[in-house]
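The block underneath contains the structure these notes are about, expressed in structure tokens.
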Amino acid sequence: GDYGSSYSGKPVFPDWEDDKHILQNKTIPAKGKATYIGFDHSGVHPAAVISQVTESGRLILGELVVGEMIVEEFIEDVLETYIALMGIDKQDCWIILDPSDPRGKNKNATTRQLLVKRGFKPSQVFHISHKHQSPQIRQDTVTSYLQRYMIKVSPECKTLIEAMRGKYAREKVRGTDIYKAI
């Protein structure tokens, strides 16, 4: 009853192994431990990944993927609800934002400003550096963690697991044996 998935293209992370990278059971965040939230807020489908660092690497506790929603609603209805339900103290959260923030270009509040307004300290909400936005650097970093079995994912993270299994793939250039870059 353990069916595989078929995707077209070349997987970006061929080092992914279900039995080594997926936890057997749902994991609850450790109380009082720093919780890192990777927040992609730049489009109409905001999403977040919640993780903590352990002695053996990065533990992916949950993912928040709900479809089309404005950022303000996502923060209030999804992110804050998850944090509360999991018993995570806001003061233990570090929110890493995607560096592009279209709201910063108009009169509306930026995502960072919205998070601070909702009770996160300004020092807890930051953008990752543009120098780390190189797709190759990001891929190499994740691959390194995968090869050393330093990423463990909660079985509840269905979207992330499917992506790592091969849904996140390089497209083949039509009529060749070459695959596009990430």
Side-chain angles (χ1 to χ4, degrees), residues 12-13 26-55 57-146 150-154 156-164 167-168 181-182:
V12 173
F13 299 109
K26 174 184 173 179
T27 302
I28 298 170
K31 302 273 186 216
K33 191 170 183 83
T35 301
Y36 299 92
I37 302 170
F39 189 1
D40 181 357
H41 56 96
S42 57
V44 296
H45 298 95
V49 174
I50 293 78
S51 68
Q52 289 183 330
V53 177
T54 68
E55 303 76 38
R58 175 95 37 200
L59 181 61
I60 310 300
L61 302 163
E63 65 182 5
L64 305 175
V65 181
V66 294
E68 192 171 318
M69 180 179 272
I70 63 172
V71 174
E72 295 88 341
E73 288 177 359
F74 183 85
I75 291 169
E76 293 175 27
D77 299 341
V78 180
L79 181 61
E80 288 188 314
T81 300
Y82 179 88
I83 289 170
L85 287 173
M86 288 296 167
I88 300 169
D89 186 338
K90 277 187 179 181
Q91 303 311 308
D92 294 330
C93 292
W94 296 92
I95 303 176
I96 303 110
L97 300 172
D98 185 301
S100 66
D101 190 350
R103 295 173 193 282
K105 297 180 180 131
N106 60 39
K107 294 182 182 183
N108 292 332
T110 65
T111 301
R112 184 174 190 275
Q113 290 167 334
L114 293 169
L115 288 161
V116 169
K117 182 180 174 184
R118 299 294 303 175
F120 293 95
K121 291 180 184 173
S123 62
Q124 293 175 269
V125 184
F126 53 94
H127 292 87
I128 54 175
S129 165
H130 286 283
K131 70 180 180 177
H132 296 293
Q133 283 301 297
S134 160
Q136 193 60 54
I137 290 172
R138 290 185 299 171
Q139 179 189 347
D140 291 347
T141 300
V142 173
T143 296
S144 171
Y145 275 83
L146 289 172
M150 293 177 66
I151 293 179
K152 303 289 184 187
V153 179
S154 172
E156 292 188 329
C157 298
K158 305 291 185 197
T159 302
L160 178 59
I161 291 169
E162 282 302 305
M164 297 303 282
K167 191 171 185 178
Y168 184 41
I182 300 173

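Since the structure is predicted, the reported quantities are computational estimates derived from the model, not experimental observations. FYI, side chains are in, hydrogens and waters are out, and symmetry mates aren't considered; it's all heavy atoms of this structure.
How far CD of Glu156 is from CD1 of Ile161: 9.5 Å, rounded to the nearest 0.5 Å. Of the inter-residue distances, the one linking Lys152 atom NZ with Leu59 atom CG reads 10.0 Å to the nearest 0.5 angstrom. Taken from CD in Glu76 to CD1 in Ile70, the straight-line distance is 8.5 Å, to the nearest 0.5 Å. A distance of 11.5 Å separates CE of Met69 from CD1 of Ile75, quoted to the nearest 0.5 Å. The CG atom of Leu61 sits 7.0 Å away from the CD1 atom of Ile88 when rounded to the nearest 0.5 Å. To the nearest 0.5 Å, atom CZ of residue Phe13 and atom NZ of residue Lys167 are 15.5 Å apart.
Under the side-chain hydrogen bond (donor to acceptor under 3.5 Å, both in side chains) criterion, Thr81 pairs with no residue at all, not counting sequence neighbours. Evaluation of the side-chain contact (heavy atoms from CB on, under 4.5 Å) rule for Tyr145 yields Thr141, Arg148, Met150, Ile151 as partners, not counting sequence neighbours. Every residue meeting the side-chain contact (heavy atoms from CB on, under 4.5 Å) condition with Asp40, not counting sequence neighbours, appears here in chain and number order: Ser42, Asp98. For Leu64, the side-chain contact (heavy atoms from CB on, under 4.5 Å) criterion is met by Ala48, Ile50, Phe74, Val78, Leu79, Tyr82, not counting sequence neighbours. Looking at residues two or more places apart in sequence or on another chain, you find a side-chain hydrogen bond (donor to acceptor under 3.5 Å, both in side chains) between Thr54 and Ser56. The side-chain hydrogen bond (donor to acceptor under 3.5 Å, both in side chains) test applied to Gln124 returns no partner, not counting sequence neighbours.
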> Going through the checks in order, is the side chain to side chain contact (heavy atoms under 4.5 Å, CB included) test met by Thr110 and Leu97?
Replying inline: CA-CA 11 Å; Thr110 65; Leu97 300 172; over 6 Å; no

>> Using side chain to side chain contact (heavy atoms under 4.5 Å, CB included), reason through Phe126 and Ile96 one step at a time and then give a plain yes or no.
In response: CA-CA 5 Å; Phe126 53 94; Ile96 303 110; 3.6 Å; yes

>> Does Val65 form a side chain to side chain contact (heavy atoms under 4.5 Å, CB included) with Leu160? I'd like the steps, not just the answer.
In response: CA-CA 10 Å; Val65 181; Leu160 178 59; over 6 Å; no

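Residues Arg112 and Val125 come closest through the heavy atom pair NE-O, 2.9 Å. Contact detail for Val116 and Pro122: the closest heavy-atom pair is CG2-CA, 3.8 Å. Nearest heavy-atom pair, Met86 versus Lys31, reported as atom, atom and distance to 0.1 Å: O-NZ, 3.7 Å. Contact record, Gly67 with Pro46: O-CD, 4.0 Å, taken as the closest heavy-atom pair.
A donor-acceptor pair under 3.5 Å is formed between the side chain of Lys33 and the backbone N or O of Val53.
Between Lys158 and Glu63 no salt bridge is recorded (no basic side-chain N to carboxylate O distance below 4.0 Å).
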